[in-house]
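Structure first, then comments.
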Amino acid sequence: MSKKAKLIVISGPSGVGKTTICNEIVARRKDVVYSISATSRRIRKGEINGREYFFLTEKEFKRWIAEDKFAEYAIVHGNYYGTPREFLEENLKKGFNVLMDIDVQGAKKLMPLYPDGIYIFVLPPDFEELKKRLIKRNTDDEKEIENRLQTARAELQYMKDYKYVVKNINLDDTIAEILKIIDTETQ
Ligand code: 5GP
């Protein structure tokens with residue numbers, strides 16, 4: 001386990017490769033645990049409650065908010081998403097680095113609370129490529145893809161707040177670069 005347990009935040013547009021990046025980091029680093037978010041969005045084919053997300057109804061999500069169960073939460077693409085507080089705090093206390101895939105609004109809320117966190121923004125090579133990846137992923141309809149591309153363009157203005165910006169041209173290189181960042185930051 002690392003001496004200085006840190007938050008590792010990965011943000012970036014939908015389809016940029018964040019899920020694969022996070023899975024690889026967890027597989028390769030025993031000192032990193034992944035924070036599973038809660039969401040009110042519909043469950044997609046192939047997803048399992050408690051694996052990709054904790055899927056809540058909007059009513060349940062609002063109850064969690066009222067009970068202060070989130071370290072941060074935000075509305076992204078019209079749905080609620082939030083980081084469960086207890087898992088995050090418990091694991092940091094135990095000395096694990098806690099990795100999460102959250103949007104720019106959530107990251108902005110955590111930055112002042114965890115100033116020594118590792119904040120990484122992953123950029124697509126370009127927007128045409130991102131659109132192709134979203135279509136290939138086949139999880140969203142055309143309207144949803146447009147919605148996600150629009151959010152992605154808007155999110156770019158928050159990129160400057162991140163300590164690290166990594167352009168994902170080649171996934172293996174990107175993962176290697178992020179692992180190197182984590183090595184340096186947790187030494
Ligand atoms: P998706 O619906 O494609 O799984 O995720 C949509 C967006 O929600 C992604 O950009 C992801 O980073 C963001 N997201 C996932 N979990 C959280 C969370 O707990 N908090 C915030 N603020 N954003 C999240």
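First listed ligand is number 1; within each ligand, the first listed atom is number 1.
Contact between Pro84 and Trp64 at its shortest, heavy atoms only, is CG-CZ3, 4.4 Å.
More than 12 heavy-atom neighbours from other residues, nucleotides or ligands sit within 6.0 angstrom of NZ on Lys160. No more than 12 heavy atoms of other residues, nucleotides or ligands lie within 6.0 Å of OH in Tyr73, so this atom counts as exposed by the packing criterion.
Taking a heavy-atom cut-off of under 4.0 Å, ligand 1 is surrounded by Ser14, Lys18, Ser37, Arg41, Arg44, Tyr53, Glu72, Ala74, Val76, His77, Tyr81, Gly82, Thr83, Asp101, Ile102, Asp103, Gly106, Arg148.
A donor atom on one side chain and an acceptor atom on the other are found under 3.5 Å apart for Thr83 and Glu72.
Between Tyr119 and Tyr162, the ring-plane angle classifies as perpendicular under the 30° and 60° cut-offs.
The side-chain contact (heavy atoms from CB on, under 4.5 Å) search around Asp172 returns Asn170, not counting sequence neighbours.
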